[in-house]
Amino acid sequence: MTRGKGVRRPPQTRAAHASGTVPGLMDWYRDSGRHSLPWRFSRDPYVVLVSEVMLQQTQVSRVIPAYGAWLVRWPHVFCLAAASQGDVIRQWSGLGYNRRALNLQRAASALVAAGAESVPVDPAILITLPGIGRYTAAAVASFAGEMPVPVVDTNIGRVLARRYLGLGSVRDASPSRLWQLAAELLPAAGPAAREHNLALMDLGATLCRSAAPSCGSCPVASSCSWLLAGRPVPTAGTSVGPRFETTDRFARGRIIDALRRGPHSFDSLVALLPSPHSAQTGRLLSGLEQDGLVVRAVRGFWTLPGDD
DNA sequence: TAACCGTGGTG
DNA sequence: TCACCAAGGTT
(Lines give C-alpha, C1' and ligand atoms only; values in the text may rest on other atoms or scores of the structure.)
Protein backbone atom coordinates (compact mmCIF):
# COMPACT_ATOMS: atom_id res chain seq x y z
CA MET A 1 0.00 0.00 0.00
CA THR A 2 1.03 3.62 0.21
CA ARG A 3 1.58 3.56 3.94
CA GLY A 4 5.34 3.75 3.86
CA LYS A 5 5.49 6.41 1.20
CA GLY A 6 5.60 9.43 3.45
CA VAL A 7 7.70 7.87 6.18
CA ARG A 8 10.75 9.78 7.18
CA ARG A 9 12.43 11.02 10.29
CA PRO A 10 11.37 14.41 11.59
CA PRO A 11 13.87 17.01 10.49
CA GLN A 12 16.25 17.75 13.31
CA THR A 13 18.68 20.09 11.61
CA ARG A 14 20.02 23.07 13.43
CA ALA A 15 18.48 25.37 10.85
CA ALA A 16 14.99 24.11 11.58
CA HIS A 17 15.43 25.00 15.23
CA ALA A 18 17.69 27.99 15.03
CA SER A 19 14.85 30.36 15.79
CA GLY A 20 11.28 30.16 16.91
CA THR A 21 8.38 32.26 17.99
CA VAL A 22 8.66 30.88 21.53
CA PRO A 23 12.23 31.54 22.75
CA GLY A 24 13.89 28.41 24.05
CA LEU A 25 11.21 26.02 22.85
CA MET A 26 12.75 24.56 19.71
CA ASP A 27 16.19 24.00 21.25
CA TRP A 28 14.51 22.08 24.03
CA TYR A 29 12.42 20.11 21.54
CA ARG A 30 15.47 19.09 19.52
CA ASP A 31 16.99 17.45 22.58
CA SER A 32 13.94 16.37 24.58
CA GLY A 33 11.00 15.98 22.19
CA ARG A 34 9.22 12.67 21.85
CA HIS A 35 10.68 12.03 18.41
CA SER A 36 10.23 8.27 18.60
CA LEU A 37 6.42 8.21 18.80
CA PRO A 38 5.55 5.86 15.93
CA TRP A 39 3.03 8.09 14.14
CA ARG A 40 5.55 10.91 13.90
CA PHE A 41 7.54 8.97 11.29
CA SER A 42 4.65 9.10 8.81
CA ARG A 43 3.18 11.83 6.67
CA ASP A 44 0.40 9.56 5.43
CA PRO A 45 -2.82 11.37 6.43
CA TYR A 46 -4.67 8.08 6.96
CA VAL A 47 -1.96 6.87 9.33
CA VAL A 48 -1.93 10.15 11.22
CA LEU A 49 -5.73 10.23 11.37
CA VAL A 50 -5.84 6.77 12.93
CA SER A 51 -3.36 7.85 15.59
CA GLU A 52 -5.18 11.10 16.31
CA VAL A 53 -8.59 9.49 16.75
CA MET A 54 -7.09 6.83 19.01
CA LEU A 55 -5.37 9.53 21.06
CA GLN A 56 -8.60 11.41 21.76
CA GLN A 57 -8.82 11.30 25.57
CA THR A 58 -6.57 8.24 25.59
CA GLN A 59 -3.00 7.90 26.87
CA VAL A 60 -0.09 7.48 24.47
CA SER A 61 1.04 4.27 26.18
CA ARG A 62 -2.28 2.59 25.49
CA VAL A 63 -2.48 3.81 21.89
CA ILE A 64 0.95 2.63 20.72
CA PRO A 65 0.19 -1.11 20.51
CA ALA A 66 -3.36 -0.56 19.23
CA TYR A 67 -2.09 1.79 16.54
CA GLY A 68 0.40 -0.74 15.21
CA ALA A 69 -2.10 -3.58 15.16
CA TRP A 70 -4.74 -1.45 13.43
CA LEU A 71 -2.41 -0.45 10.60
CA VAL A 72 -1.27 -4.03 10.07
CA ARG A 73 -4.89 -5.02 9.63
CA TRP A 74 -6.13 -1.95 7.73
CA PRO A 75 -3.10 -0.20 6.19
CA HIS A 76 -5.11 2.02 3.84
CA VAL A 77 -8.37 3.92 3.98
CA PHE A 78 -9.76 1.55 1.34
CA CYS A 79 -9.19 -1.40 3.65
CA LEU A 80 -10.93 0.27 6.59
CA ALA A 81 -13.86 1.33 4.43
CA ALA A 82 -14.37 -2.32 3.43
CA ALA A 83 -14.09 -3.78 6.94
CA SER A 84 -17.06 -5.04 8.92
CA GLN A 85 -18.27 -2.82 11.74
CA GLY A 86 -18.03 -5.70 14.21
CA ASP A 87 -14.37 -6.23 13.35
CA VAL A 88 -13.71 -2.52 13.74
CA ILE A 89 -15.31 -2.45 17.18
CA ARG A 90 -13.42 -5.60 18.22
CA GLN A 91 -10.13 -4.12 17.04
CA TRP A 92 -10.88 -1.08 19.20
CA SER A 93 -10.91 -3.22 22.34
CA GLY A 94 -9.16 -1.60 25.28
CA LEU A 95 -9.25 1.93 23.90
CA GLY A 96 -12.67 2.98 25.18
CA TYR A 97 -15.17 5.42 23.70
CA ASN A 98 -16.21 2.84 21.12
CA ARG A 99 -18.13 5.34 19.01
CA ARG A 100 -14.73 6.62 17.90
CA ALA A 101 -14.11 3.33 16.10
CA LEU A 102 -17.44 3.49 14.33
CA ASN A 103 -16.96 7.12 13.36
CA LEU A 104 -13.48 6.43 12.04
CA GLN A 105 -14.84 3.83 9.68
CA ARG A 106 -17.79 6.03 8.77
CA ALA A 107 -15.29 8.72 7.82
CA ALA A 108 -13.33 6.24 5.70
CA SER A 109 -16.50 5.02 4.01
CA ALA A 110 -17.67 8.55 3.30
CA LEU A 111 -14.35 9.44 1.70
CA VAL A 112 -14.24 6.33 -0.47
CA ALA A 113 -17.88 6.75 -1.45
CA ALA A 114 -17.10 10.31 -2.51
CA GLY A 115 -14.35 9.04 -4.79
CA ALA A 116 -11.38 9.99 -2.63
CA GLU A 117 -8.28 7.87 -3.07
CA SER A 118 -6.72 8.97 0.19
CA VAL A 119 -7.50 10.90 3.36
CA PRO A 120 -7.39 14.65 2.64
CA VAL A 121 -5.26 17.07 4.64
CA ASP A 122 -7.53 20.08 4.15
CA PRO A 123 -8.94 20.82 7.60
CA ALA A 124 -12.10 22.30 6.11
CA ILE A 125 -12.85 18.92 4.52
CA LEU A 126 -11.68 16.84 7.48
CA ILE A 127 -13.92 18.64 9.95
CA THR A 128 -17.01 17.62 7.98
CA LEU A 129 -16.27 13.95 8.69
CA PRO A 130 -17.82 12.13 11.69
CA GLY A 131 -15.63 12.03 14.79
CA ILE A 132 -13.27 14.70 13.49
CA GLY A 133 -13.47 18.04 15.28
CA ARG A 134 -11.38 21.16 15.26
CA TYR A 135 -8.37 19.61 16.96
CA THR A 136 -8.17 16.41 14.90
CA ALA A 137 -8.67 18.24 11.61
CA ALA A 138 -5.87 20.65 12.48
CA ALA A 139 -3.60 17.84 13.69
CA VAL A 140 -3.89 15.89 10.44
CA ALA A 141 -3.36 19.06 8.40
CA SER A 142 -0.27 20.03 10.38
CA PHE A 143 1.34 16.68 11.21
CA ALA A 144 0.60 14.83 7.96
CA GLY A 145 0.03 17.63 5.46
CA GLU A 146 2.59 20.03 6.91
CA MET A 147 0.07 22.81 6.43
CA PRO A 148 0.77 25.96 8.49
CA VAL A 149 -2.28 25.68 10.75
CA PRO A 150 -2.48 26.16 14.53
CA VAL A 151 -3.18 23.14 16.71
CA VAL A 152 -4.62 23.28 20.22
CA ASP A 153 -5.01 20.14 22.28
CA THR A 154 -5.10 19.92 26.07
CA ASN A 155 -1.28 19.98 26.27
CA ILE A 156 -0.75 22.97 23.99
CA GLY A 157 -3.69 24.74 25.57
CA ARG A 158 -2.20 24.32 29.04
CA VAL A 159 1.21 25.58 27.94
CA LEU A 160 -0.30 28.66 26.29
CA ALA A 161 -2.66 29.31 29.21
CA ARG A 162 0.24 29.29 31.66
CA ARG A 163 2.99 30.94 29.64
CA TYR A 164 0.91 33.73 28.07
CA LEU A 165 -2.24 34.07 30.16
CA GLY A 166 -0.91 33.29 33.63
CA LEU A 167 -3.61 30.72 34.20
CA GLY A 168 -2.84 27.48 36.02
CA SER A 169 -5.38 25.34 34.23
CA VAL A 170 -6.47 25.12 30.62
CA ARG A 171 -10.03 25.00 31.93
CA ASP A 172 -9.71 28.61 33.03
CA ALA A 173 -8.88 29.84 29.50
CA SER A 174 -11.37 30.42 26.72
CA PRO A 175 -10.85 28.08 23.77
CA SER A 176 -11.14 30.89 21.23
CA ARG A 177 -8.39 32.83 23.01
CA LEU A 178 -6.12 29.78 22.97
CA TRP A 179 -6.66 29.17 19.25
CA GLN A 180 -6.00 32.83 18.59
CA LEU A 181 -2.76 32.66 20.57
CA ALA A 182 -1.71 29.49 18.77
CA ALA A 183 -2.31 31.20 15.43
CA GLU A 184 -0.29 34.25 16.42
CA LEU A 185 2.68 32.12 17.49
CA LEU A 186 2.63 29.85 14.44
CA PRO A 187 5.68 29.92 12.14
CA ALA A 188 4.78 30.80 8.55
CA ALA A 189 6.26 27.72 6.88
CA GLY A 190 4.32 24.47 7.16
CA PRO A 191 7.20 22.17 8.14
CA ALA A 192 8.37 24.63 10.79
CA ALA A 193 4.81 25.02 12.02
CA ARG A 194 4.55 21.25 12.38
CA GLU A 195 7.68 21.09 14.53
CA HIS A 196 6.50 24.07 16.55
CA ASN A 197 3.14 22.44 17.25
CA LEU A 198 4.79 19.16 18.24
CA ALA A 199 7.23 21.00 20.48
CA LEU A 200 4.44 22.79 22.35
CA MET A 201 2.60 19.50 22.71
CA ASP A 202 5.63 17.70 24.07
CA LEU A 203 6.37 20.49 26.50
CA GLY A 204 2.84 20.20 27.86
CA ALA A 205 2.99 16.42 28.03
CA THR A 206 6.38 16.03 29.68
CA LEU A 207 7.17 19.16 31.74
CA CYS A 208 4.18 21.51 31.78
CA ARG A 209 1.96 18.76 33.14
CA SER A 210 -1.46 19.39 34.63
CA ALA A 211 -0.31 18.15 38.03
CA ALA A 212 3.19 18.65 39.45
CA PRO A 213 4.72 20.57 36.53
CA SER A 214 8.51 20.51 36.29
CA CYS A 215 9.07 24.26 36.11
CA GLY A 216 12.67 23.81 37.23
CA SER A 217 13.51 22.13 33.92
CA CYS A 218 11.26 24.20 31.70
CA PRO A 219 12.90 26.05 28.80
CA VAL A 220 10.38 28.91 28.97
CA ALA A 221 10.24 29.25 32.75
CA SER A 222 11.96 32.66 32.72
CA SER A 223 9.14 34.11 30.62
CA CYS A 224 6.18 32.14 32.00
CA SER A 225 3.38 34.39 33.26
CA TRP A 226 2.01 31.71 35.54
CA LEU A 227 5.37 30.91 37.12
CA LEU A 228 6.25 34.59 37.51
CA ALA A 229 2.91 35.15 39.26
CA GLY A 230 3.83 32.51 41.80
CA ARG A 231 1.89 29.63 40.21
CA PRO A 232 -1.56 30.68 41.47
CA VAL A 233 -3.84 27.76 42.17
CA PRO A 234 -6.42 27.03 39.45
CA THR A 235 -10.08 27.39 40.20
CA ALA A 236 -11.70 24.38 41.83
CA GLY A 237 -12.51 21.42 39.66
CA THR A 238 -15.87 19.94 38.84
CA SER A 239 -18.09 18.22 41.32
CA VAL A 240 -17.52 14.60 42.15
CA GLY A 241 -19.66 12.14 40.27
CA PRO A 242 -20.90 8.71 41.32
CA ARG A 243 -18.62 5.71 41.42
CA PHE A 244 -17.69 4.72 37.87
CA GLU A 245 -18.99 1.20 38.36
CA THR A 246 -22.49 2.60 38.83
CA THR A 247 -22.50 4.70 35.64
CA ASP A 248 -24.01 3.99 32.26
CA ARG A 249 -20.57 4.35 30.70
CA PHE A 250 -19.28 1.40 32.69
CA ALA A 251 -22.30 -0.77 31.89
CA ARG A 252 -22.17 0.11 28.19
CA GLY A 253 -18.54 -0.91 28.14
CA ARG A 254 -19.38 -4.25 29.73
CA ILE A 255 -22.09 -4.93 27.16
CA ILE A 256 -19.87 -4.09 24.18
CA ASP A 257 -17.06 -6.19 25.57
CA ALA A 258 -19.40 -9.17 25.95
CA LEU A 259 -20.66 -8.79 22.39
CA ARG A 260 -17.07 -8.69 21.11
CA ARG A 261 -16.93 -12.37 22.11
CA GLY A 262 -20.14 -13.22 20.30
CA PRO A 263 -23.94 -12.84 20.33
CA HIS A 264 -25.64 -12.67 23.71
CA SER A 265 -29.21 -13.06 24.84
CA PHE A 266 -30.89 -10.15 26.59
CA ASP A 267 -30.93 -12.12 29.84
CA SER A 268 -27.22 -12.89 29.69
CA LEU A 269 -26.50 -9.20 29.17
CA VAL A 270 -28.63 -8.30 32.16
CA ALA A 271 -26.71 -10.81 34.27
CA LEU A 272 -23.26 -9.41 33.57
CA LEU A 273 -24.04 -5.95 34.93
CA PRO A 274 -23.03 -4.97 38.48
CA SER A 275 -26.65 -4.55 39.52
CA PRO A 276 -28.75 -6.61 37.10
CA HIS A 277 -31.93 -4.79 36.14
CA SER A 278 -33.75 -5.54 32.91
CA ALA A 279 -35.11 -2.00 32.70
CA GLN A 280 -31.64 -0.48 32.83
CA THR A 281 -30.29 -3.04 30.35
CA GLY A 282 -33.09 -2.29 27.93
CA ARG A 283 -32.42 1.41 28.17
CA LEU A 284 -28.69 0.89 27.63
CA LEU A 285 -29.24 -1.37 24.63
CA SER A 286 -31.57 1.18 23.07
CA GLY A 287 -28.89 3.81 23.45
CA LEU A 288 -26.20 1.54 22.04
CA GLU A 289 -28.50 0.63 19.15
CA GLN A 290 -29.08 4.32 18.49
CA ASP A 291 -25.32 4.80 18.35
CA GLY A 292 -24.99 1.92 15.90
CA LEU A 293 -22.82 -0.05 18.29
CA VAL A 294 -25.22 -3.00 18.70
CA VAL A 295 -27.86 -4.72 16.59
CA ARG A 296 -30.93 -6.77 17.46
CA ALA A 297 -30.54 -10.28 16.09
CA VAL A 298 -32.95 -13.21 16.04
CA ARG A 299 -34.70 -14.65 19.10
CA GLY A 300 -33.92 -11.72 21.37
CA PHE A 301 -30.18 -11.99 20.85
CA TRP A 302 -27.89 -9.02 20.43
CA THR A 303 -24.72 -8.71 18.35
CA LEU A 304 -22.21 -6.19 17.11
CA PRO A 305 -23.18 -4.66 13.75
CA GLY A 306 -21.96 -6.81 10.87
CA ASP A 307 -22.00 -9.91 13.04
CA ASP A 308 -25.66 -10.63 12.34
C1' DT B 1 -23.70 24.55 27.00
C1' DA B 2 -23.35 21.10 30.04
C1' DA B 3 -23.58 16.27 29.95
C1' DC B 4 -22.38 12.26 27.93
C1' DC B 5 -19.17 8.88 25.90
C1' DG B 6 -14.53 3.89 28.30
C1' DT B 7 -10.64 2.59 30.30
C1' DG B 8 -6.56 2.66 32.77
C1' DG B 9 -2.79 5.14 35.05
C1' DT B 10 -1.25 8.09 38.85
C1' DG B 11 0.13 11.05 42.92
C1' DT C 1 -7.89 5.31 48.58
C1' DC C 2 -9.62 8.22 45.27
C1' DA C 3 -10.01 12.42 42.55
C1' DC C 4 -8.03 13.73 38.60
C1' DC C 5 -6.48 13.13 34.14
C1' DA C 6 -5.57 11.48 29.33
C1' DA C 7 -3.27 14.28 21.34
C1' DG C 8 -11.76 15.41 22.03
C1' DG C 9 -16.27 15.07 19.72
C1' DT C 10 -21.21 15.26 19.68
C1' DT C 11 -25.69 16.75 21.02
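Labels below follow one simple rule: chain letters A, B, ... track the order of the sequence lines, proteins then strands, and each chain is numbered from 1.
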*Nearest-neighbour nucleotide for the Thr154(A) side chain, dG6(B), dA6(C), dG9(C) considered*: dA6(C)
*At under 4.0 Å between heavy atoms, what does Thr58(A) touch on the DNA or RNA strands: base, sugar-phosphate, or nothing?*
base
_Using a 4.0 Å heavy-atom cut-off, does Leu95(A) contact any base of the nucleic acid, only the sugar-phosphate backbone, or nothing at all?_
base
*Toward the 5' end of DNA chain C, by each residue's nearest nucleotide, Asn103(A) or Arg158(A)*: Arg158(A)
*Candidate nucleotides dG8(C), dC5(B), dG8(B), ranked by approach to the side chain of Arg249(A) - the nearest*: dC5(B)
*Consider the side chain of Arg252(A), meaning its heavy atoms from C-beta on, and name the nucleotide among dA7(C), dA6(C), dG6(B) that approaches it most closely.*
dG6(B)
*Check the distance between dT10(C)'s P and Leu288(A)'s CG and give it to me in whole angstrom.*
19 Å
*Quick one: Phe244(A) CZ to dA6(C) P, roughly how many Å, whole number?*
17 Å
*Name the nucleic acid region contacted by Trp92(A), choosing base, sugar-phosphate or nothing; use a 4.0 angstrom heavy-atom cut-off, strictly under.*
nothing
*NZ/NE/NH1/NH2 to OD/OE distance under 4.0 Å, Asp248(A) and Arg283(A)*: yes
*Are side-chain heavy atoms of Trp179(A) and Glu184(A) found at a separation under 4.5 Å?*
no
*First of Ala211(A) and Arg62(A) reached from the 5' end of DNA chain B, by closest nucleotide*: Arg62(A)
_Quick check on dG9(C): is either OP1 or OP2 less than 4.0 Å from any side-chain nitrogen or oxygen of Thr136(A)?_
yes
*Basic-acidic side-chain contact under 4.0 Å: Arg260(A), Asp87(A)*: no
*What is the distance from atom OG of Ser42(A) to atom CZ of Phe143(A), rounded to the nearest 0.5 Å?*
13.0 Å
*For dG11(B) versus dA7(C), give the span between their P atoms, rounded off to a whole number of Å.*
14 Å
_Protein-nucleotide distance (Ile132(A), atom CD1; dG9(C), atom C1'), rounded to Å_ = 11 Å
_Toward the 5' end of DNA chain C, by each residue's nearest nucleotide, Leu129(A) or Gln59(A)_ = Gln59(A)
_Asp257(A) bridged to Arg252(A) by N-O distance under 4.0 Å_ = no
*How many Å lie between CD on Gln56(A) and C1' on dT7(B), as a whole number?*
15 Å
_C1' atoms of dA6(C) and dT1(B), separation to the nearest Å_ = 22 Å
*Tell me: OH of Tyr97(A) to C1' of dC5(B), nearest whole Å?*
5 Å
*In whole Å, what separates the C1' atom of dC5(C) from that of dC5(B)?*
16 Å
*Ignoring backbone atoms, test whether Arg171(A) places a side-chain nitrogen or oxygen under 4.0 Å from the OP1 or OP2 oxygen of dC5(C).*
yes
_So, applying side chain to side chain contact (heavy atoms under 4.5 Å, CB included) with Ser142(A), which one of Val48(A), Leu198(A), Asn197(A) is it?_
Asn197(A)
*Given atom CZ of Arg254(A) and atom P of dG6(B), what is their separation to the nearest angstrom?*
14 Å
*Between the base of dA6(C) and the side chain of Arg209(A), is there a donor-acceptor distance below 3.5 Å?*
no
*Do the side-chain N and O atoms of Ser214(A) and Ser217(A) include a donor-acceptor pair separated by under 3.5 angstrom?*
no
*Taking the P atom of each, how far is dG8(B) from dG9(C), in whole Å?*
23 Å
*How close or far is atom C1' of dT1(C) from atom CZ of Arg243(A), stated in whole angstroms?*
10 Å
_For a quick check of understanding: with a heavy-atom distance under 4.0 Å over all strands, which category does Gly133(A) fall into, base, sugar-phosphate or nothing?_
sugar-phosphate
*For Gln57(A) and dG8(C), is the shortest distance between a side-chain N/O and OP1 or OP2 below 4.0 Å?*
yes
*So which nucleotide from dG6(B), dA6(C), dC5(B) ends up closest to the side chain of Asp248(A)?*
dC5(B)
_Gln290(A) CD to dT10(C) P, straight-line distance once rounded to whole Å_ = 16 Å
